[in-house]
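One-based numbering, in listed order, for ligands and for the atoms of each.
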Amino acid sequence: MSKKSDFGLIGLAVMGQNLVLNVESRGFQVSVYNRTTATTDEFLAKHPSKKLVGAKTLEEFVQSLATPRKIQIMVKAGAPVDAVIEQLIPLLDQDDIIIDGGNSLYTDTERRDAYLAGKGLRFIGAGVSGGEEGARKGPSIMPGGPPSTWEVMKPIFESIAAKVDGEPCVIHIGPGGAGHYVKMIHNGIEYGDMQLICEAYNIFKHAGFSTDEMAGIFNEWNDGDLQSYLIQITGKALEQKDPETGQPIVELIVDKAGQKGTGQWTLLNAAENAVVISTINAAVEARILSSQKKQRVAASKELQGPTAGSAGILAGLSKAGLVKKVHDALYASKIISYAQGLDLIKTMGEKKDWGLDLGRIAAIWRGGCIIRAKFLNRITDAYRSNPSLVNLMLDPFFKELLNITQQNWREVVSIASLNGIPCPAFSASLGYYDSYRAARLPANLLQAQRDFFGAHTYERIDKPEGQFFHTEWPEVIG
Ligand code: 6PG
């Protein structure tokens, strides 16, 4: 093929391969390179009729691309990204564009952006969500970098992205690391959603529901307010039987959650910015505790829970009654989780002066990505009608929903607590809601304690703000 390619992709793992097929399917010619040539050969052999150019060396790959070159790297986040960039630099021309489409840490993206700009090259750090299927059919894309570089990439990104109501699920998020940052929070929210679903499942399981019954509940929920990709796949996963034993496959899977780091990065960033993301926090910590399986099994023989015969999950409650209550607890907690994640994005966006638009960010999460959900339409509307919304919970629609669901939410947290069923994300969400809406918290006593032992001073409710006082507290002996 003598024509130069419109786009190049390095890294033919699952996401890379599917993205290539997606770009090609929109009419672009794509060059591909993989460190192991056999992978490239196999990929090309599988797709003989497509407009693909396979390169055996990076030099050949770079030469096969039309300028300014648009090269997307789909390799493991961290050192491999730097290694590929270093190999590319001597081969590229001024203004060529490198796009990192992996789950890179946004500070790495900022560093690479500055480094490559210094070399006259252009860089885009783009979060890409949607897994294998999203990559192939249309992901949600969160690109960060200079607006002028975005303009060059826009036609390709918009054509490959998922579409909702005709709008592509991609916008220019902001400069530098803004795209990867927003993808990181997307993943934090993804962790929250997944944990909340797991807590609902766990309550049903303890209440004696069969796996098929639970599949039915999630399938039904997917036709209502909770409609989302993660609820949908949960129903399907619960339905799935193991071919070997005929058992539901979910019940045969070891209860140790993996994680690659984006959730933990989100927690660290929230702590640095003093933003509360307790639901996401609970979700990350739940994965950590789950992975400590040996300790848990040992502790299960030592540490007591509620004695048999206490509350009883279904005491005085029909199965349908419990399902409705858990539905509401999940819905309310989900609102809290998004309120927290969006608060973090807002705080960080202001600190970095990224000019983030929360309404447009919510809009590109409506399709393609793992957290795609019907209720993102409502979040989009909330920020479109009030771009300076202080907290999602205060939007009239969500305020009312939290009000309607709160009784069931509280009951689920207490039923779980009385029966010794862990529901850290449900209860962290409720704790946030009750703390946020409290005009007075017990921090007055905390201030007294601080002043007592360290003369840290306090403000008084009966004196103007900004005046600080100290009390001579009695001496404590011993
Ligand atoms: C996505 C996913 C994707 C990946 C997660 C999984 O948006 O498509 O978030 O990026 O599946 O990184 O993360 P864990 O391995 O940490 O669960």
Side-chain angles (χ1 to χ4, degrees), residues 11 13-19 21-22 72-78 80-81 99-106 108-109 125-144 157 160-162 164 169-171 173 177-198 228-234 237 253-270 277 279-291 337-338 341 344-345 361-373 376 425:
V14 180
M15 287 292 281
Q17 291 197 10
N18 282 291
L19 267 177
L21 296 176
N22 183 354
Q72 181 145 341
I73 307 177
M74 294 299 290
V75 299
K76 199 167 178 291
V81 177
I99 305 126
D100 171 17
N103 271 330
S104 290
L105 182 60
Y106 76 96
D108 283 345
T109 303
V128 179
S129 178
E132 203 177 323
E133 198 197 337
R136 176 67 185 88
K137 297 184 183 153
S140 173
I141 312 175
M142 292 149 256
F157 279 161
I160 65 170
V164 173
C169 293
V170 57
I171 53 161
I173 300 284
H180 272 140
Y181 180 80
V182 167
K183 174 60 171 44
M184 176 181 86
I185 307 299
H186 163 284
N187 280 26
I189 292 174
E190 173 185 305
Y191 275 50
D193 275 348
M194 293 168 79
Q195 174 64 20
L196 292 171
I197 290 172
C198 291
S228 64
Y229 172 70
L230 286 168
I231 292 279
Q232 185 188 15
I233 64 163
T234 300
I253 297 176
V254 175
D255 52 330
K256 279 163 68 175
Q259 52 184 323
K260 295 199 207 73
T262 47
Q264 282 165 307
W265 295 346
T266 306
L267 298 197
L268 288 171
N269 178 256
I277 54 160
T279 310
I280 299 170
N281 201 338
V284 175
E285 290 179 348
R287 287 199 193 192
I288 297 170
L289 267 177
S290 82
S291 70
S337 183
Y338 280 69
L344 182 52
I345 294 184
I361 290 170
I364 65 161
W365 287 348
R366 290 177 304 163
C369 61
I370 302 296
I371 64 169
R372 62 186 183 262
L376 276 156

Hey, what do you get for OG1 (T262) to CG (L105), rounding to the nearest 0.5 Å? 10.5 Å
Do you know which of R136, E133, M74 makes side-chain contact (heavy atoms from CB on, under 4.5 Å) with N18? R136
Output the list of atoms in ligand 1 that are nearer than 4.0 Å to some heavy atom of H186, sorted by atom number. 7 (O)
In this structure, atom 4 (C) of ligand 1 is nearest to the protein heavy atom N103 ND2, 4.2 Å
Tell me which protein heavy atom sits closest to atom 9 (O) of ligand 1, plus the residue, atom name and distance to 0.1 Å. E190 OE1, 2.7 Å
Heavy atoms, side chains only, cut-off 4.5 Å: are N269 and Y106 in contact? yes
Identify, for atom 8 (O) of ligand 1, the protein heavy atom at the shortest distance, and state residue, atom and that distance. G130 N, 3.0 Å
What are the atoms of ligand 1, with element, lying closer than 4.0 Å to any heavy atom of I370? 1 (C), 2 (C), 7 (O), 8 (O)
Could you tell me which atoms of ligand 1, counted from 1 in the order shown, lie closer than 4.0 angstrom to a heavy atom of N187? 5 (C), 7 (O), 9 (O), 10 (O), 12 (O)
Closest protein heavy atom to atom 16 (O) of ligand 1, given as residue, atom name and distance to 0.1 Å: Y191 OH, 2.5 Å
Taking heavy atoms and a distance under 4.0 Å, where does Q264 meet ligand 1: side chain, backbone, both or neither? neither
Does S129 reach the main-chain N or O of S140 with its side chain, forming a donor-acceptor pair under 3.5 Å? no
Should you measure from each heavy atom of S129, which atoms of ligand 1 turn up under 4.0 Å away? 1 (C), 7 (O), 8 (O)
When rounded to the nearest 0.5 Å, the distance separating CE of M194 from CD1 of I371 is 12.0 Å
Atoms of ligand 1 under 4.0 Å from any heavy atom of G131, numbered from 1 in the order shown, are 8 (O)
Heavy atoms only: give me the nearest I160-N22 pair and the separation to one decimal. O-ND2, 3.0 Å
Under 4.0 Å to a heavy atom of R287 - the qualifying atoms of ligand 1, by number: 14 (P), 16 (O), 17 (O)
Can you name the nearest heavy-atom pair linking A257 to S291, along with the distance? O-CB, 4.0 Å
Tell me whether ligand 1 is touched by G263 - counting only heavy atoms on the residue side and a distance under 4.0 Å. no
Report the nearest protein non-hydrogen atom to atom 15 (O) of ligand 1: residue, atom name, distance rounded to 0.1 Å. K260 NZ, 3.0 Å
How far does OG of S104 sit from NZ of K76, to the nearest 0.5 angstrom? 11.0 Å
With respect to K183, determine whether any N or O atom, backbone or side chain, lies less than 3.5 Å from an N or O atom of ligand 1. yes
With the side chain counted from C-beta on, respond yes when S228 and D193 share a heavy-atom pair under 4.5 Å apart, and no when they do not. no
